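Note that the structure is a prediction, hence the values are computed from the model and not measured.
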Amino acid sequence: MRGRIKSCLSLAFLGLCLAGFTSPEQQRNIGRPEQELQQMTCSQLWYLGEKIRADGGVCPRDDRARQAFFRNRTCVSQDERVLVGEVKAYLAALRGIATAKGCPDVP
């Protein structure tokens, strides 16, 4: 029982430490300028948005995202609130571009 409690506390501590963390991969992805996003296809926008979510530990919303990003990784939460503000703002901008293009699958 004590080992199980210790494991739970370790996972909780890890979650607190990672809150607000932006990985180098995420920094590279959210560093793409708006002009580059405007030139992307709907599929590319979907992929980028789901990749950013996956890199932030957000669980996939559908089988397509699960197959693309979660074969060998786990997720932290289904809620995007685990993402830092900068990442959430970038996703909002990316979604705005996808919506303006009329993309059927908005990331």
Any donor-acceptor pair under 3.5 Å linking the side chain of [X] with the backbone of [Y]?
X: Gln26; Y: Ile52; result: yes
X: Arg53; Y: Cys59; result: yes
X: Tyr90; Y: Arg32; result: yes
X: Gln39; Y: Glu36; result: no

*Closest approach of Ala54 and Phe69, non-hydrogen atoms and distance?*
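Result for this residue pair: CB-CB, 3.7 Å.
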Within this structure, what is the [atom1]-[atom2] distance for the pair [X] and [Y], rounded to the nearest 0.5 Å?
X: Asn29; Y: Tyr47; atom1: CG; atom2: OH; answer: 9.0 Å
X: Leu94; Y: Met40; atom1: CG; atom2: CE; answer: 7.5 Å
X: Glu50; Y: Asp55; atom1: CD; atom2: CG; answer: 11.0 Å

_Can you list everything that forms a side-chain hydrogen bond (donor to acceptor under 3.5 Å, both in side chains) with Glu25? Sequence neighbours excluded, please._
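Glu25 satisfies side-chain hydrogen bond (donor to acceptor under 3.5 Å, both in side chains) with Arg28, Lys51 only.
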_For Gln78, give me all partners under side-chain hydrogen bond (donor to acceptor under 3.5 Å, both in side chains), at least two apart in sequence or on another chain._
none
*Taking side chain as C-beta onward, heavy atoms only, is Cys42 less than 4.5 Å from Asp105?*
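No, every pair of side-chain atoms sits at 4.5 Å or beyond.
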*asked:* Contact between Val58 and Val76 at the side-chain level, heavy atoms closer than 4.5 Å - yes or no?
replied: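 A side-chain contact is absent here, since even the closest heavy-atom pair is not under 4.5 Å.
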*Does Val84 belong to the same Ile/Leu/Val/Met/Phe/Trp/Tyr cluster as Ile30, with side-chain heavy atoms less than 4.5 Å apart forming each link?*
yes
*Can Arg64 and Asp62 be said to form a salt bridge (charged side-chain N to carboxylate O under 4.0 Å, His left out), step by step?*
CA-CA 5 Å; Arg64 181 180 173 199; Asp62 57 26; over 6 Å; no
*asked:* Applying salt bridge (Lys or Arg N to Asp or Glu O under 4.0 Å) as the test, list every pair that has at least one member in residues 84-95; sequence neighbours left out.
replied: Glu80-Arg95
